[in-house]
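Below is one structure; the comments refer to it alone.
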Amino acid sequence: MKNCIILLFALTLCISQAQAQENVSIGPLVGISIANFRGDVSNTNWKPGLTIGGFYNYSSESGFGFSGQLLFTQLGAQTNNKTNEINLNYIQAPLLATFFFGKYGQRMRPKIFLGPNLNFLVGARDKDGNNINGDSNNRVFSPFDLGLTFGGGFNYRLQEKIWFNFDARYGLGLLDVTRLESSNIKNNNWGINVGLSFPLGTYNKNTGRLRTR
């Protein structure tokens with residue numbers, strides 16, 4: 001597992017460094033996550049949840065870019081014919097290689113993206129807010145999940161160097177989210193997010209330095 005995570009980090013960083021990144025921006029992001037489980041489960045339904053956090057974007061004249069995000073996202077599922085819920089709250093770190101369509105500087109820039117998603121569990125509760133993750137000696141859910149995120153959207157320039165960001169994405173969980181030997185359950189979610197990006201500075205690929213505004 002450690003080797004897999006290291007490989008994904010190295011691959012993503014190589015993609016971002018290989019491109020001629022000139023522009024760097026940061027901003028807030030908010031959205032909705034529609035989640036369910038897949039695998040050894042039955043009688044579960046899709047559950048809405050909140051996504052909120054921040055991001056930074058690297059972009060280049062060639063159209064390639066990179067986005068790193070830090071998000072709080074609610075996953076899980078509705079259970080027992082929608083009478084209860086499993087709410088798995090994660091701190092997520094998507095690392096997304098991005099390609100922008102259209103010409104550099106256009107007001108509207110459609111985009112597609114793909115990359116690994118690191119998920120760190122910060123809480124597991126039912127519909128009434130009760131803890132369902134056991135105690136520190138007998139956890140029910142795994143503290144870490146690795147996923148793959150891909151999707152598309154667009155960036156729209158509101159004014160000089162201030163952009164409205166929109167995306168629709170799918171998150172595919174790759175690991176069993178439980179510690180139960182008798183089952184294999186994975187995360188599964190769709191997301192719609194909006195954000196605003198503001199200029200931070202310019203990345204110089206020759207020096208490897210970021211010149212802030």
Side-chain angles (χ1 to χ4, degrees), residues 1 4-5 7-9 11-12 15-16 27-59 63-79 82 85-101 108-122 124 141-142 144-156 163-178 183-197:
M1 178 54 60
C4 180
I5 295 172
L7 179 61
L8 287 171
F9 263 122
L11 176 61
T12 308
I15 291 173
S16 66
L29 179 149
V30 65
I32 185 171
S33 169
I34 308 297
N36 200 349
F37 293 130
R38 72 181 207 284
D40 299 331
V41 291
S42 59
N43 298 321
T44 63
N45 297 92
W46 295 91
K47 181 189 75 70
L50 174 69
T51 296
I52 188 169
F55 63 90
Y56 68 90
N57 288 331
Y58 292 76
S59 62
F64 288 94
F66 175 77
S67 178
Q69 303 175 355
L70 190 63
L71 309 173
F72 171 81
T73 303
Q74 296 176 316
L75 301 181
Q78 291 184 332
T79 61
K82 300 183 180 181
E85 295 178 354
I86 296 176
N87 295 297
L88 300 182
N89 299 327
Y90 288 95
I91 298 297
Q92 293 188 309
L95 305 170
L96 305 174
T98 306
F99 181 79
F100 292 94
F101 296 93
M108 173 75 77
R109 298 294 306 278
K111 63 185 177 182
I112 56 175
F113 52 84
L114 169 69
N117 192 28
L118 312 179
N119 304 322
F120 302 91
L121 186 68
V122 293
F141 296 97
S142 174
F144 176 76
D145 181 34
L146 177 66
L148 183 66
T149 295
F150 55 90
F154 64 85
N155 290 3
Y156 181 81
W163 295 76
F164 171 77
N165 293 224
F166 170 87
D167 76 67
R169 64 182 64 185
Y170 175 68
L172 178 69
L174 302 177
L175 304 180
D176 187 356
V177 299
T178 75
S183 66
N184 191 332
I185 301 172
K186 297 181 174 70
N187 280 317
N188 187 34
N189 80 293
W190 295 91
I192 296 177
N193 304 300
V194 296
L196 285 176
S197 61

Minimum side-chain heavy-atom gap [X]-[Y] below 4.5 Å:
X: N87; Y: K47; result: yes
X: Q92; Y: L75; result: yes
X: I91; Y: F72; result: yes
X: L71; Y: P94; result: yes
X: L96; Y: F150; result: no

Residues in side chain to side chain donor-acceptor pair (under 3.5 Å) with [X], at least two apart?
X: T149; answer: none
X: N57; answer: S67, N165
X: Y170; answer: N188
X: N89; answer: none

Please report the interatomic distance [atom1]([X]) to [atom2]([Y]), rounded to the nearest 0.5 Å.
X: K82; Y: N45; atom1: NZ; atom2: CG; answer: 5.0 Å
X: I52; Y: Q74; atom1: CD1; atom2: CD; answer: 10.5 Å
X: K186; Y: L175; atom1: NZ; atom2: CG; answer: 8.0 Å

Which heavy atom in [X] sits nearest to a heavy atom in [Y], and how many Å separate them?
X: N155; Y: F100; result: ND2-CE2, 3.5 Å
X: N117; Y: A93; result: OD1-C, 3.6 Å
X: F141; Y: A124; result: CD1-CB, 3.8 Å
X: A97; Y: F66; result: N-CD1, 4.4 Å

**Request:** Take L146 and N119 through the test side-chain contact (heavy atoms from CB on, under 4.5 Å) and record every step on the way to the result.
**Result:** CA-CA 6 Å; L146 177 66; N119 304 322; over 6 Å; no
**Message:** Assess the residue pair F120 and Y90 against the criterion (ring pair (Phe, Tyr, Trp, His ring centres under 6.0 Å)); give the C-alpha distance rounded to whole Å, side-chain angles, the decisive distance to 0.1 Å, and a yes or no.
**Reply:** CA-CA 5 Å; F120 302 91; Y90 288 95; 9.0 Å; no
Under 3.5 Å, side-chain donor or acceptor atoms of residues 29-41 against the rest of the protein: list the pairs with distances, not counting sequence neighbours.
residue	atom	partner	partner atom	Å
S33	OG	N189	ND2	3.1
N36	OD1	T44	OG1	3.0
R38	NH1	G173	O	3.0
R38	NH1	N187	O	3.0
R38	NH2	G173	O	3.0
D40	OD2	N184	N	2.8

**Under the salt bridge (Lys or Arg N to Asp or Glu O under 4.0 Å) test, residues paired with R169 that sit two or more places apart** =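 With neighbours one apart ignored, the set is D167.
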**F164: ring-ring contact (aromatic ring centres under 6.0 Å, His included) partners, not counting sequence neighbours** =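 Expected list: none.
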**Message:** Taking ring-ring contact (aromatic ring centres under 6.0 Å, His included) as the definition, give me every residue that meets it alongside F154, ordered by chain and number, with sequence neighbours left out.
**Reply:**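 Listed in chain order: F166.
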**Message:** Between L121 and L88, is the side-chain contact (heavy atoms from CB on, under 4.5 Å) condition met? List the steps.
**Reply:** CA-CA 7 Å; L121 186 68; L88 300 182; 4.0 Å; yes
**Request:** Return yes if some donor-acceptor pair links the side-chain N/O of S183 with the main-chain N/O of I185 below 3.5 Å, else return no.
**Result:**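 No, the answer is negative, given that no donor and acceptor are paired below the 3.5 Å cut-off.
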**Message:** Could you work out, with side chain to side chain contact (heavy atoms under 4.5 Å, CB included) as the rule, every residue matching F99, not counting sequence neighbours?
**Reply:**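 In terms of side chain to side chain contact (heavy atoms under 4.5 Å, CB included), with neighbours along the sequence ignored, F99 is linked to F64, F101, I112.
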